[in-house]
Amino acid sequence: MNNHLTWALLGLTALLISPVASAQKTTAEGIAEYRAMLADGNPAELYEAKGEALWKQARGPKNASLEKCDLGKGAGVVKGAFVELPRFFKDTQRVQDLESRLLTCMDVQQGLDVVEIAKTRFGAGEQKNIESLVAYISGESRGMKFNLPQAHAQEKLMYEVGKKVFYLRAGPMDFSCASCHSEDNKRIRLQDLPNLTKQPGASVGFGSWPAYRVSAGDLWSMQRRLNDCYRQQRFPYPGYASDVTVALGVYMGVASKGGVSTAPALKR
Amino acid sequence: MTPTAQDIDLATSQAMKSSFRDQGNAKLDRLTLDASNQACSESEGAALEDKLGKAIEEANLKTVKFPADGKLIGNWAEGERVAQSGRGLTWTDSATAANGGSCYNCHQISKTELSYGSIGPSLYNYGKLRGVTDPTAVASKPIVDYTWGKLWNSKAYNACSGMPRFGHANILTEQQIKDVMALLLDPKSPVNQ
Amino acid sequence: MERRDFLHRSGATAVAIAAATGLPAAHAQGAPGWNKAAFESKNLAEAAKAMGATSAPIESKDLVLQAPEIAENGNVVRIGAQSNIANTTQIAFVVEKNPSALAAMFDVPAGTDTNVSTNIKMGQSSNVYALAKAGDKYYYAVKEVKVTLGGCGG
Amino acid sequence: MSDPMRIRAQAQGDKTTVRVLVGHEMESGQRRDAAGKTVPAWFIQSISATWNGKPVMSAQWGPAVSKNPFMQFSFKGAKAGDKVIVTWIDNRGEKRTDEAVIT
């Protein structure tokens, strides 16, 4: 009996304690503290390790690794490749971002069915492998500065197309990328919105993807990030590695020039 | 070799055509731009030329529909629910579920909700600051009507407003807009405490 | 933040948060010695009891709970505890408003610091407790963590 | 097949700090999938670490531990070059062991 009373009292104490919060921080300070606490132990590390193993593993009909894949700095060079993508590739005669370039390599080097991979839903099958690969590849450029090439006419054109697309308002809510990402110091709910049109916002935003997304519990590539932006913009569905998504990558990447890559980062 | 404006326009329209497809609710017709979206896309954030801006605002003002029953103020508690919800119209949303207003994404509204955005101005004390003590009174009519119009079609007052056209674009129902009106203007709403 | 806020959010993620911590019906082949009763407890008192406490835990300043005041996302909240109470052998974390309150418990052998941290899910704003066993007594520290809604909400 | 853990063990003086990241779904058992079907519970129930065969940590987890779990602890007596071995067991009886060399 006595014991019951004690246990009941404990419950009461808990109720009494709860409203007495310690000195209130501002919301922004609170969020900053939350993020700082998580900084150590980013699950993106798990994907980086898996991606490195995948890069070196012989796979596909050709039973080959990706170690001969040219990400723009020569066959097999991973370090520094991420901060120069998207860029023009001579062999495909196209401007490609990291994901579309990986598709090319998985096709040419490994003989995988990349049309099927591009159609696979995010987080499943080979798409899951791509997300690990981009975590590894971007991680190899961590701390390096963005410096996208803009010498080729196609690269210049894609930059201009990306800029147009960034400002294109459409859909039932009249949203464009610029609706949320063209002014400094704006928030959606509690999330800071980087101004992607110039530094430092551009590299803060563009330079943290791929990232481990806490709300999704998964590593998201830039392709997946852009796909969800378009979903929230209420646009129709952008194809995987489609021209619009690559052009946006060029626009944001060029705007990030000189900014430091922190990918794969940890995001809400 | 810098691309010409013509090159850019052509490449952009080709990229848009080749890149998107229908998914769920979200069909390709969503990429057809009306005059406002056309002009505001092209201006890339810069102010529109005066005459063009005015013409767009006038055309949008004509679309504003007031309720047949003349009642503009609903239930603020329902309005709070609409303001909280960011659902609706994405390709993962069902076509039959009620849409939300996503209001807190961009605005501070009730003081108790800490998680609010700052893309739009704070709406805390919206009615109180405008001296609305009785939203049905004649004296309140100008601000009440303006607020209805702003919610129905924001481009009626600002050609390139960043706010969705909740009535005009069938995002919210007439009843939902009445409820959001109450959230903003009812003296009993937490917004006006 | 009200619970309904979570229930109103759409998509699998929101559902995951709302349902963050229910318990499965059966653990036919789980880890040996897993304290099912403790993980079915609904509050601090029940958790302590299921862990072997014979009297109610006592609040202690010598048990330091690290938890953020605000969580940007309830899926991942870093919490830690350091016990400066002599002879601490166990540290646990309890989230009052999760469907099953006990999140994790750590047995700390001699030679290991009585300082652990981990990431937990929180379904909604709640009091979070660190619970430490020292000798045959249980001590606790408490902090309120607010879980906020984030992003576009769709 | 589960993915390898990421184990970091760093010695500073007499104290070794261990950080462990585990690739695991930590499915609560209450979440529904897109089709409305309940996703069965699947979570790590126990995780333990040893150094030179001596237990330095043993924990029990419930489904409220986050997906891709993280754990940090520290212990005394080890030196660089020693091994830390971590093992987890989930509610399906699946098991995994990885090791790291203290740096």
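The sequence lines fix the lettering, A, B, ..., with proteins before strands; numbering per chain opens at 1.
- No more than 12 heavy atoms of other residues, nucleotides or ligands shown are found within 6.0 angstrom of CG on A/N185.
- The CG atom of A/D174 sits 7.0 Å away from the OG atom of B/S154 when rounded to the nearest 0.5 Å.
- For the set B/E44, B/Q108, B/Q23, B/R165, the count of heavy-atom pairs under 4.5 angstrom toward chain A peaks at B/E44.
- When the candidates A/A247, A/P172, A/G162, A/G171 are compared by the number of heavy-atom contacts under 4.5 Å with chain B, A/P172 comes out ahead.
- Interface check for chain A: of the options B/C106, B/A169, B/C40, the most heavy-atom pairs under 4.5 Å are formed by B/C40.
- Within a 6.0 Å radius of CZ in A/R94, no more than 12 heavy atoms belonging to other residues, nucleotides or ligands are found.
- Residue A/S176 does not touch chain B at all, counting heavy-atom pairs closer than 4.5 Å.
- For A/I31, no part lies near chain B; criterion is any non-hydrogen pair under 4.5 Å.
- Within the 4.5 angstrom heavy-atom criterion, no atom of A/Y159 approaches chain B.
- Rounding to the nearest 0.5 Å gives a distance of 6.5 Å between NZ of A/K164 and OG1 of B/T12.
- Annotation: maximal heavy-atom pairing with chain B below 4.5 Å, among A/F166, A/Y230, A/Y240, occurs at A/Y230.
- In this structure the side chain of B/P164 reaches within 4.5 angstrom of the side chain of A/F175, judged on heavy atoms.
- Here the straight-line distance linking atom CZ of B/R30 with atom CE of A/M173 works out to 8.5 Å at 0.5 Å rounding.
- In this structure, chain B has no heavy atom under 4.5 Å from any part of A/D192.
- Among the candidates A/V165, A/T197, A/V244, the residue making the largest number of heavy-atom pairs closer than 4.5 Å to chain B is A/V244.
- For B/S161, the part lying under 4.5 angstrom from a heavy atom of chain A is the backbone only.
- Considering NZ of B/K17 and CG of A/D243, their distance stands at 13.0 Å, rounded to 0.5 Å.
- Few gaps surround CD on A/Q93; more than 12 heavy atoms of other groups in view lie less than 6.0 Å from it.
- A donor-acceptor contact shorter than 3.5 Å is absent between the side chain of A/S179 and the backbone of B/G162.
- Contact of B/L89 with chain A is made through backbone and side chain together, with heavy-atom distances under 4.5 Å.
- Contacts of B/I8 with chain A are made by both backbone and side-chain atoms, with heavy-atom separations under 4.5 Å.
- Of the inter-residue distances, the one linking A/K186 atom NZ with B/I119 atom CD1 reads 7.5 Å to the nearest 0.5 angstrom.
- Side-chain contact between B/L31 and A/P236 is present, with heavy atoms from C-beta onward closer than 4.5 Å.
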Could you go step by step and tell me if B/M16 and A/L168 meet the side-chain contact (heavy atoms from CB on, under 4.5 Å) rule?
-> CA-CA 10 Å; B/M16 289 299 293; A/L168 194 121; 3.6 Å; yes
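- Both the backbone and the side chain of A/N227 come within contact range of chain B, judged by heavy atoms closer than 4.5 Å.
- From B/D34, atom CG reaches atom CZ of A/R169 across 9.5 Å, with rounding to the nearest 0.5 Å.
- Counting heavy atoms of neighbouring residues, nucleotides and ligands inside a 6.0 Å radius, atom NZ of B/K27 exceeds 12 of them.
- The residue among B/F166, B/Y104, B/Y116 with the most heavy atom pairs within less than 4.5 Å of chain A is B/Y116.
- With a 4.5 angstrom heavy-atom cutoff, B/P3 touches chain A only via side-chain atoms.
- Panel note: side chain A/R234, backbone B/G88; a donor-acceptor pair is recorded below 3.5 Å.
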